[in-house]
Amino acid sequence: MGKISLTGGDMKGPGRTWTEVRGLRDPPRKYFHESTFDAHYDGRFASTPLPSSQRQPHLRALVKTYLSTMHALGAETWIMHGSLLGWWWNRRIMPWDSDIDVQVSEASLAFLAQYYNMTVHTFRDLEVPVLDDGSGKEEEQEEQEGRKKVDGEAKSYLLEINPHWTNGDVRDTHNVIDARWIDTATGLFIDITALRVNHSSPAPLSLYCKDTHRYLSTQIFPLRTSVFEHVPVRIPYAYQALLAAEYGEDALVNTEFQRHRFDQASMEWRPVGKLGGSEQEKLEEEKWRARGRKPGRRPLAVVDVDKEEVEAGEGEVGGGSGAFEQFGS
Amino acid sequence: MPYRDAHSHRPLIDLIPDHSLDASDEEDAFYAHDEGDYLLHPKWRAMINRTTNRIPRRIQRYFVIYLLFAVVLLVSWRIYLGPQYAVYRKELAQMDSEPKEAFGKNVRPEFKGMTQVEQLSQKLLPTGNGRLVVVGDVHGCKEELEQLLKKVDFREGKDHLILTGDIIAKGPDSPGVVSLAHRLHASCVRGNHEDKLLLSLAETASHPNPAIPGPNESPSRTPDFLDEESFSHGDYEVRKLAKSFSHDQISWLQKCPVILRVGKLGDLGEVVVVHAGLVPDISLENQDPFHVMNMRTIDLKTRLPSENRDGTPWEKFWNHQQKKKPAHERTTVIYGHDRKRGKNIQKYSMGLDSGCVSGGHLTAMVIDADGKHKFVEVKCKGYVD
């Protein structure tokens, strides 16, 4: 974005351009920049968001490549938040989840920063559909045929470390994301946050992230090994207690969320009927909307919230719903 | 003596006029009860007299006592028993209800290096005078385990030993207990302490990076198979414990399943051994392994188990649900884990953790071929608070 040289105006204040005021330009202290069209994309690698039907397959590819790379490098990483909830239900990304939440240990982040910053990792034969016009048919087709393979076409992912990672202060609100795993074809990314030891706390077990989440080391460690989206993944030790604390016990029990119902036969989240005018459906809609306010449970379609988030500018740092939910809670 | 002086030795009686001392016991008024006269009509009084005269005095006294007792009962019902009964009724209703949205709809979490269910070999079930000896949380108290086996007269080859998990940690000789159990060809289930230890070890093994010295380690330490990185999350206890085991002992612990299905044992019916507990109405294969190793209570509204003590004790719900089933479908769970509640024997759940490591008892349930069982205990020294 070029600077729009409009001067004067009360809202703007000195030294700020209109783009900054509108949240389109980040404050200078902020390292990672999200695209102007959607906070879930990196503007350097994309100019438009993916059609919603293609987002899920690309998210899956993103998490698979990330997990296998971290495993190969020996960096300790595990899934959290919405991704952990998805794992809990059926070891998959929830269909309405718009991002992936992962954490790394402080030592692993140091290791990645020292040896692997700005490295590009290329994968072939990924099970990702080719970009098309994004009609709804594509997803059904893809579901039926299994994932389409992009034979021979390589996909590259960039591992970028935020140089502010050495600053563990939670007041550094512009840099709560310590690193990113970015799909260089689509601009989609995974936010990586380091779990840090709280040295000022007398208890040696207190841990925190720069996004102000706090944990006890006994809740996270020792990690367990399970499977997520058909690849090995590490899971925090007391997974259910973490989920219940973050989303409430209902999130582990209710089989209806975000216009999806958890089907007991296929053990998958299936979308339920499109909204019509009937009273019943309106009621359901309200129920979902109420639930949608819970962290990590916003429907994909609510673009307005994303805009607000961007416009809020100041507190917002990367990660879209990830960061949003953290500040909201 | 000022009084006497004032009245010059005259007795007080002399001051009273003579006529008021006259009270003849021959007059009716002498026997009249003054106080009741004006409150009740004589007709009514006569009626009361007629009835009360028929009731012996002793019974009349008892009546007062009974009345007092009733009042106490009423008050205590109102402030204590009533609410308790209401809670009990509510709990019963909740246990009998079938919530539309309840725990257990998700895909059961599955983890690497963990056996969910194992069937105890048919050969090991008690026959003839053979017995099953199930022992609660040993926690490294090898001496006490040996004493207990002596006390029940454990015969190798004839009897079979089953340990309910948490056989390691806290106590003085965890490796010794594992070796003893291994030598006796005992069966065991995975407790939360075994789980933590084995996970920590697996984490270490999967870590290719060289270790950086941890805060509590001398920089001159020699490298061992435990990488500091994975243990520097604050749990030095686990690290110390892990170092005390040999590879053989670790691989023996690794084989312990989360759930041991023992099979039918006469009067006891189907018997299952776990460390902490089970959620009723979910198959053994679909039980969440974390909860099987950690649960204490169940939230009756959501049926979500928890390691906290806020909800309904899981065994209460378990027993309630078993009693509703036809007799041949009922399952008895033998478990440990809950040291605070101690030995807890109910119809379909047998809690054997009687807090040996903290100075309580080590409890064995001895089961014969007919499912008849008894409990044998030894006193423990106490190694932790």
Side-chain angles (χ1 to χ4, degrees), chain A residues 71-76 84-92 105-108 110-111 115 195 197 199 203-207 215-227 232-235 237-241 243-244 248-256 261-264 266-268, chain B residues 99-114 192 195-212 214-216 227-239 242 286 288-291 293-295 299 301-308 311:
Chain A
H71 182 74
L73 299 181
E76 201 173 31
L84 187 61
L85 190 58
W87 167 83
W88 192 86
W89 276 101
N90 62 355
R91 298 176 209 151
R92 303 197 58 180
S105 65
E106 214 172 356
S108 296
F111 171 72
Y115 301 107
L195 192 60
V197 179
H199 293 289
L205 299 173
S206 174
L207 305 172
Y215 309 95
L216 293 176
S217 71
T218 47
Q219 290 178 305
I220 309 284
F221 302 110
L223 297 169
R224 302 171 179 278
T225 305
S226 187
V227 169
V233 69
R234 312 309 298 274
I235 301 293
Y237 178 78
Y239 49 91
Q240 189 181 300
L243 289 173
E249 293 194 340
D250 283 351
L252 304 176
V253 172
N254 291 359
T255 50
E256 275 176 34
R261 184 172 289 127
F262 196 73
D263 181 43
Q264 288 296 297
S266 61
M267 288 303 217
E268 268 177 30
Chain B
K100 197 171 138 268
E101 302 277 39
F103 171 70
K105 300 263 173 69
N106 61 323
V107 177
R108 195 254 303 168
E110 195 174 314
F111 301 107
K112 201 179 148 197
M114 194 187 271
N192 50 322
D195 191 36
K196 217 159 212 178
L197 175 90
L198 293 168
L199 288 172
S200 301
L201 282 166
E203 209 164 69
T204 308
S206 71
H207 224 271
N209 287 334
I212 308 146
N216 289 359
D227 168 8
E228 175 57 27
E229 162 63 17
S230 298
F231 283 86
S232 59
H233 302 306
D235 214 339
Y236 287 89
E237 288 285 314
V238 177
R239 178 185 163 83
N286 285 321
D288 185 318
F290 181 86
H291 292 309
M293 295 183 280
N294 290 280
M295 78 165 77
D299 181 340
K301 266 194 225 116
T302 55
R303 305 278 150 100
L304 266 174
S306 158
E307 48 190 321
N308 304 327

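Each chain gets a letter, A, B and so on, in the order its sequence line appears, and its residues count up from 1.
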Pairwise side-chain contact, A/Asp250 with B/Glu101, heavy-atom cut-off 4.5 Å (strictly under): no

B/Val107/A/Arg92 under side-chain contact (heavy atoms from CB on, under 4.5 Å): CA gap, chis, key distance, verdict: CA-CA 10 Å; B/Val107 177; A/Arg92 303 197 58 180; over 6 Å; no

Count the heavy-atom pairs under 4.5 Å between each of B/Asp288, B/Leu199, B/Asn294 and chain A, then report the option with the highest count. B/Leu199

Is the side chain of A/Ser226 donor-acceptor paired with the backbone N or O of B/Phe111 at a distance under 3.5 Å, no angle test? no

Residue from B/Lys112, B/Lys105, B/Met114 scoring the most non-hydrogen pairs under 4.5 Å with chain A is B/Lys105

Please report the closest heavy-atom contact between A/Trp87 and B/Pro109, naming both atoms and the distance. CH2-CB, 3.7 Å

Any chance you could measure B/Lys100, atom NZ, to A/Glu256, atom CD, to the nearest 0.5 Å? 5.5 Å

Tell me, side chain or backbone of A/Glu106 under 4.5 Å from chain B's heavy atoms, or both, or neither? neither

Under 4.5 Å from any heavy atom of chain A, what part of B/Asn308 do you find: side chain, backbone, both or neither? neither

By a 4.5 Å heavy-atom criterion (distance strictly below it), what part of A/Tyr239 contacts chain B: side chain, backbone, both, or neither? side chain

Give a yes or no answer on whether the side chain of A/Arg91 reaches the backbone of B/Arg108 with a donor-acceptor pair at less than 3.5 Å. yes

Assess the residue pair A/Glu249 and B/Lys301 against the criterion (side-chain contact (heavy atoms from CB on, under 4.5 Å)); give the C-alpha distance rounded to whole Å, side-chain angles, the decisive distance to 0.1 Å, and a yes or no. CA-CA 10 Å; A/Glu249 293 194 340; B/Lys301 266 194 225 116; over 6 Å; no

Would you mind reporting whether A/Leu252 and B/Asn106 have side-chain heavy atoms less than 4.5 Å apart? no

Heavy-atom contact with chain B under 4.5 Å, split by part of A/Ala238: both

